[in-house]
Amino acid sequence: MPELPEVETMVRGIQPAVEGRIVEAMTKCRCSCRPILVRPGWRRFVQRVRGSRVERVERLAKRVVLCLSTADRLVIEPRMTGLMLLSDPPDREHLRICWKLADSGGSNALWFWDRRGLGTVQLYSAHEFEADLCSGHLGPDALAITPADLKHRCNGSRRPIKSLLLDQRTIAGIGNLYASEILHVAGISPKTRSDSLSTTRVRRLHATIYDILEQAIRYEGSTLGDGTWRNALNKSGRYQNEHRVYAREGKVCRTCRRGRIRRIIQTQRSTFYCPVCQR
DNA sequence: ATTAATGTTCAGAA
DNA sequence: TTTCTGAACATTAA
């Protein structure tokens with residue numbers, strides 16, 4: 001689930017408890033599930049991390065980045081169900097990794113919890129981080145992209161706009177849920193060919209991307225029916241109450257009160273939209 | 001009881 | 001080059 005708003009909520013939630021602290025220990029939680037991907041292997045990972053200080057916590061697209069005093073970057077990718085927690089995990093069964101943090105004032109713990117186990121935790125040198133994550137395969141952040149850049153990228157693709165918004169090399173941070181919500185508020189059909197959008201419509205799309213993501217951050221993300229998404233203190237998000245189309249197939253549109261929300265499959269993913277408001 | 005579907009990413013193929 | 005498909009995994013709804 002975690003898309004840009006949820007990952008931003010994780011970062012803001014753990015920042016005060018993590019920045020400036022020393023990593024005293026990093027341990028594998030003994031859960032019955034098979035281990036998640038950690039790179040490099042455990043032994044070297046722990047050796048390189050232990051004793052370093054967390055200078056800053058940052059978000060890179062849908063990843064959480066701990067910038068260490070050694071210049072290494074500890075990168076957590078929650079994928080579908082990963083959470084960064086300071087306390088109270090939803091269950092102990094799916095706790096995966098614990099970092100024990102300390103400073104002169106005492107100690108506390110940071111956890112990675114992941115029900116499906118598709119998340120990854122990787123340690124990059126400054127050089128690897130620059131080469132693998134900063135250049136090339138991630139596009140500009142969805143909150144930082146300019147209207148002109150977005151227009152240029154739309155012009156260069158014949159794919160439907162919904163698929164383009166999900167392509168992290170084109171624009172980074174938007175996932176399946178927010179793509180549907182954004183296109184609805186922007187009044188654009190998800191099936192529209194990207195390169196057929198006028199400058200005016202792309203400008204509106206750009207403004208809507210920013211508005212929806214910012215509002216979702218203020219609401220601390222969307223906790224869907226399965227209840228997986230929680231902030232660092234194990235509290236639900238509230239943006240699900242604001243959804244206008246996502247997971248509302250067959251229901252009357254909240255915007256025009258006339259159309260019924262449709263669900264279609266695009267690039268193997270569900271897309272929700274209102275055929276009346278979105279053209 | 002099977003089967004399909006779920007928020008993500010990436011390798012590999014078309 | 002661009003775009004699509006399936007797999008990684010655990011759980012739930014149909």
Side-chain angles (χ1 to χ4, degrees), chain A residues 1-10 29 31-39 59-64 75-84 89-97 112-122 124 132-133 136-139 142 152-183 190-191 193-195 212-213 216-217 219-231 236-237 239-240 242-243 245-250 263-272:
Chain A
M1 153 189 355
E3 304 181 29
L4 186 151
E6 288 77 20
V7 177
E8 182 63 27
T9 302
M10 290 180 195
C29 302
C31 64
S32 55
C33 324
R34 86 181 46 173
I36 59 163
L37 175 67
V38 171
R39 191 197 63 93
R59 178 182 60 77
L60 179 68
K62 300 177 192 174
R63 297 164 169 87
V64 176
V75 179
I76 298 115
E77 194 179 340
R79 297 263 182 122
M80 297 282 263
T81 53
L83 300 178
M84 301 301 295
D91 63 50
R92 304 213 158 262
E93 180 63 19
H94 300 96
L95 275 180
R96 309 282 181 157
I97 295 173
F112 181 62
W113 180 96
D114 188 357
R115 179 152 53 75
R116 279 175 77 173
L118 297 173
T120 67
V121 176
Q122 304 194 53
Y124 292 86
D132 294 356
L133 293 179
H137 89 283
L138 276 182
H152 180 72
R153 287 162 188 272
C154 287
N155 284 345
S157 174
R158 305 181 306 181
R159 307 156 77 185
I161 186 62
K162 161 68 160 33
S163 302
L164 196 72
L165 290 180
L166 290 183
D167 182 348
Q168 303 298 298
R169 288 165 313 195
T170 301
I171 179 171
I174 299 171
N176 200 45
L177 189 161
Y178 293 103
S180 283
E181 292 296 320
I182 287 164
L183 288 172
K191 293 183 275 195
R193 253 177 67 156
S194 301
D195 60 5
I212 296 275
L213 295 178
I217 292 169
Y219 281 77
E220 299 191 291
S222 303
T223 301
L224 299 179
D226 69 359
T228 298
W229 162 245
R230 304 276 157 163
N231 70 14
S236 298
Y239 193 71
Q240 65 279 5
E242 311 302 315
H243 292 175
V245 291
Y246 187 80
R248 301 192 74 248
E249 182 180 16
R263 182 173 82 104
I264 59 173
I265 302 295
Q266 292 181 296
T267 333
Q268 311 285 84
R269 321 290 305 280
S270 287
T271 298
F272 299 89

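To find a chain, count down the sequence lines: A is the first, B the second, and so on, and within it residues start at 1.
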Students often get this wrong, so: under 4.0 angstrom with heavy atoms, is [X] touching a base, only sugar-phosphate, or nothing?
| X | result |
| --- | --- |
| A:T81 | nothing |
| A:Y246 | sugar-phosphate |
| A:S157 | sugar-phosphate |
| A:R158 | sugar-phosphate |
| A:Q168 | sugar-phosphate |
| A:L166 | nothing |

Look at the side chain of [X] and the backbone N and O of [Y], then say whether any donor-acceptor pair between them is shorter than 3.5 Å.
| X | Y | result |
| --- | --- | --- |
| A:R263 | A:E249 | no |
| A:Q268 | A:Q266 | no |
| A:H137 | A:R169 | no |

Identified salt bridge (Lys or Arg N to Asp or Glu O under 4.0 Å) counterpart of A:R59 within the set A:E3, A:E77, A:E8: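 Answer after filtering A:E3, A:E77, A:E8: A:E8.
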
Calculate the interatomic distance between [X] atom [atom1] and [N] atom [atom2]; express it in whole Å.
| X | N | atom1 | atom2 | value |
| --- | --- | --- | --- | --- |
| A:L224 | B:dT8 | CG | C1' | 14 Å |
| A:W229 | B:dT8 | CH2 | C1' | 15 Å |
| A:D167 | B:dC10 | CG | P | 11 Å |
| A:R63 | B:dT9 | CZ | P | 6 Å |
| A:K162 | B:dT8 | NZ | C1' | 12 Å |
| A:E249 | B:dA4 | CD | C1' | 14 Å |
| A:L37 | B:dA11 | CG | P | 12 Å |
| A:R269 | B:dC10 | CZ | C1' | 13 Å |

Closest heavy-atom pair and its distance - A:D114, A:G82: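 Where A:D114 meets A:G82 most closely, the heavy atoms are OD1-N, 3.5 Å.
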
Any A:T267 side-chain nitrogen or oxygen under 4.0 Å from OP1 or OP2 of C:dT5: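 Negative; the distance criterion is not met.
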
OP1 or OP2 of C:dT3 under 4.0 Å from side-chain N/O of A:R169: no

Euclidean distance, A:Y124 OH relative to A:R39 CZ, rounded to 0.5 Å: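 Going from CZ on A:R39 over to OH on A:Y124, the span is 5.0 Å.
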
Within 6.0 Å of OH in A:Y219, more than 12 heavy atoms from elsewhere: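 Not more than 12 within 6.0 Å, no.
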
Heavy-atom protein contacts under 4.0 Å, nucleotides 6-14 of chain C, coded B base, S sugar-phosphate only, - none: S-BBBS---

Distance-only polar pair, side chains of A:R153 and A:T170, donor-acceptor under 3.5 Å: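 No donor-acceptor contact under 3.5 Å links the two side chains.
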
Any donor-acceptor N or O pair under 3.5 Å, side chains A:Y239, A:E6: no

Closest to the A:R159 side chain, choosing from C:dC4, B:dT8, B:dT6: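 From the listed options, C:dC4 comes nearest.
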
5'-to-3' dot-bracket of DNA chain C (Watson-Crick, G-U; under 3.5 angstrom; crossing pairs as [ ]; | other strand): .|||||||.|||||

Residue from A:T228, A:T81, A:D91 passing side chain to side chain donor-acceptor pair (under 3.5 Å) with A:R115: A:T228

Same-atom distance (C1') from B:dA4 to C:dG6, integer angstrom: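 Taking atom C1' in both B:dA4 and C:dG6, they lie 15 Å apart.
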
